[in-house]
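Have a look at the structure below, then the notes.
These numbers come from the heavy atoms of this one structure, side chains and all, not from hydrogens, waters or symmetry mates. Every number for a ligand or one of its atoms is a count from 1 in the order of the listing.
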Amino acid sequence: MKTIPVILFGTGGVGRALLRQLIASEKHIQERSGLRFEVVAVADSQRWLFDPAGLTAAKLHSIEQAKGQGDPLPGGKPRPDSLLAETDVAGVRNAIVVDVTAADGMERVYQQALDFGYGVVMANKKVLAGPWSSAAQFYNHPAVRHESTVGGGQPVIATARYLADINDHIYAIEGQLSGTLGYLCQQLDHDVPFSQAVAEAKKRGYTEPDPREDLGGQDVMRKLLILARLAGWPLEAADIRVESLYPASLENSSVTEFMGQISAVDEQMATRIAEAKADGQTLRYIGRITPEGGQVGLLPIAADSPLGGLKYISFHTALYDDDQLMICGKGAGVEMTAGGVLGDMIAVAREVF
Ligand SMILES: NC(=O)c1ccc[n+]([C@@H]2O[C@H](COP(=O)([O-])OP(=O)(O)OC[C@H]3O[C@@H](n4cnc5c(N)ncnc54)[C@H](OP(=O)(O)O)[C@@H]3O)[C@@H](O)[C@H]2O)c1
């Protein structure tokens, strides 16, 4: 039995789902994979908990519960500047650092983790979609995994990696890469005004607290860029044209003001959807990329095509020439995303340590 220490950054929706899965699957993972994950540290944006001997299942459960209620980490202490320097000094070896934050600046943590011989698993896309000069080192690194950065845990990254490994030539990648925007498009199909669809998505918790983070298209752009880079195209964010679903004039208003003003877009959206429908098409927020660059935005798509049906990511390649390779399934949700993270942790533990 291999015991693998785990250092968890982030106890939001995905982090808490991961804690639940680690507790529920402990016996299964031991029996099937001969692995015992021992969470030694848990951090949120303000505090952290660290026990080199491992936090008990009861402690992890209380963390999951407390954070779910919006409380601080129970028993947590103010975060040190460098968590990993402390875990290293305490003798934690062969650990896996898990980043399920949406924080900027995690590159320094990943670098330090790899320097200490730790593995790194992330659902956070920001470093991988940052400037290629600093992101490149984390692509195809044997100790780094990031299945949940695209497709919410479906084997999208694994497929892109496989195609690159076998030297299949990828010509283009396209997909409906946001569950939130997919939901909005479905509502538009049913003639729900755009502002009402956004308000409902926010109420259901499908959007970020500030819906502009979804509507601006940056998250989709990051996913597309990660896929492009896996395909071997060292593109930058500037190579992808991004259509925002709200006007620049609403950029600086408060969330409440924004929600009050977004109806300004309703008429224009209703016209676009009516025009698409008149042509037998439907509007979908699609990302498309080739070695030359890409675009992310609302496009009219044949209603009966796979992308019209939502949830598809497809690879156009030399091997899959006449019939593109498609991955289809539920591509969003904290449980699936956490499942993808857990799968990556098992892979790193099996293959690296
Ligand atoms: N939700 C999904 O379905 C989904 C799907 C695919 C990928 N993802 C990605 O997964 C990541 C997590 O998503 P989420 O929905 O769980 O987000 P979330 O609910 O907003 O949680 C983020 C967590 O990260 C913590 N955090 C922020 N900065 C930190 C830092 N510097 N160090 C340590 N912890 C920090 C936050 O701390 P506080 O608790 O103190 O605020 C919070 O616990 C994001 O990158 C997201 O894009 C999510």
Here the atoms of ligand 1 under 4.0 Å from any heavy atom belonging to Ser148 are 6 (C), 7 (C)

min-distance protein heavy atom vs atom 12 (C) of ligand 1 -> Val100 O, 3.2 Å

Determine yes or no for a side-chain-to-main-chain donor-acceptor pair under 3.5 angstrom, with Ser148 supplying the side chain and Thr337 the backbone. yes

Is there a path of hydrophobic side-chain contacts, each under 4.5 Å between heavy atoms of I, L, V, M, F, W or Y residues, that connects Phe9 with Leu49? no

Numbering the atoms of ligand 1 from 1, which are under 4.0 Å from a heavy atom of Gly13? 16 (O), 19 (O)

Closest approach of Ala113 and Val120, non-hydrogen atoms and distance? CB-CG2, 3.7 Å

Test of understanding: with side chain to side chain donor-acceptor pair (under 3.5 Å), list the residues that count as partners of Glu243, not counting sequence neighbours. Arg272

Only heavy atoms count here, so choose which of Leu73, Thr101, Asn124 is nearest to atom 11 (C) of ligand 1. Thr101

Atom 46 (C) of ligand 1 has as its nearest protein heavy atom Lys125 NZ, 4.1 Å

Does the plane of the ring in Trp132 sit parallel, tilted or perpendicular to the ring in Tyr139? Use 30° and 60° as the thresholds. tilted

Return yes when at least one protein heavy atom is under 4.0 Å from atom 19 (O) of ligand 1, and no when none is. yes

Are any of the N/O atoms on Gly152, whether in the backbone or the side chain, positioned under 3.5 angstrom from an N/O atom of ligand 1? no

Could you list which atoms of ligand 1 come closer than 4.0 Å to a heavy atom of Arg79? 30 (C), 31 (N), 32 (N), 33 (C)

Proximal ligand 1 atoms for Gly333, defined as those under 4.0 Å from one of its heavy atoms: 3 (O)

Report the nearest protein non-hydrogen atom to atom 16 (O) of ligand 1: residue, atom name, distance rounded to 0.1 Å. Val14 N, 2.8 Å

Looking at Lys223 and Asp219, does any basic side-chain N land under 4.0 Å from a carboxylate oxygen? yes

Closest non-hydrogen protein atom to atom 25 (C) of ligand 1, residue and atom name please, with distance? Gly10 CA, 3.8 Å

The single option from Arg16, Glu26, Glu335 passing side chain to side chain donor-acceptor pair (under 3.5 Å) against Gln21: Glu335

Residues Arg161 and Glu147 bridged, charged N to O under 4.0 Å: no

Verify ring-ring contact (aromatic ring centres under 6.0 Å, His included) between Tyr110 and Phe138, making sure each step is shown before the conclusion. CA-CA 8 Å; Tyr110 303 167; Phe138 303 114; 5.5 Å; yes

Atom SG of Cys185 and atom CZ of Phe194: how far apart are they, to the nearest 0.5 Å? 9.0 Å

Counting heavy atoms only, name the option from Gly179, Gly151, Ser45, Ala43 that's nearest to atom 27 (C) of ligand 1. Ser45

Less than 4.0 Å is my threshold; does some heavy atom of Lys67 fall inside it relative to ligand 1? yes

Does any N or O atom in Phe9 lie less than 3.5 angstrom from one in ligand 1, N or O only? no

Work out which heavy atom in Gly15 is nearest to a heavy atom in Val100; give both atom names and the distance. CA-CG2, 3.6 Å

Please determine if Gln46 has a nitrogen or oxygen closer than 3.5 Å to a nitrogen or oxygen of ligand 1. no

Among all protein heavy atoms in this structure, tell me which lies nearest to atom 4 (C) of ligand 1, with the distance rounded to 0.1 Å. Thr337 OG1, 3.6 Å

Side chain to side chain contact (heavy atoms under 4.5 Å, CB included) against Pro291, all qualifying residues, sequence neighbours excluded: Trp233

Taking the non-hydrogen atoms of Arg47, is any one of them nearer than 4.0 angstrom to ligand 1? no

Enumerated ligand 1 atoms positioned under 4.0 Å from heavy atoms of Ala102: 44 (C), 45 (O)

In Å and rounded to the nearest 0.5 Å, what is the OG to CE distance from Ser244 to Met221? 12.5 Å

Which residue and heavy atom of the protein sit nearest atom 9 (C) of ligand 1, plus the separation: Ala123 O, 3.5 Å

N or O contact, Asp219 vs ligand 1, cut-off under 3.5 Å: no

For ligand 1, which atoms, with element, lie under 4.0 Å from some heavy atom of Val334? 1 (N), 3 (O)

Looking only at protein heavy atoms, what sits closest to atom 42 (C) of ligand 1 is Gly12 N, 3.8 Å

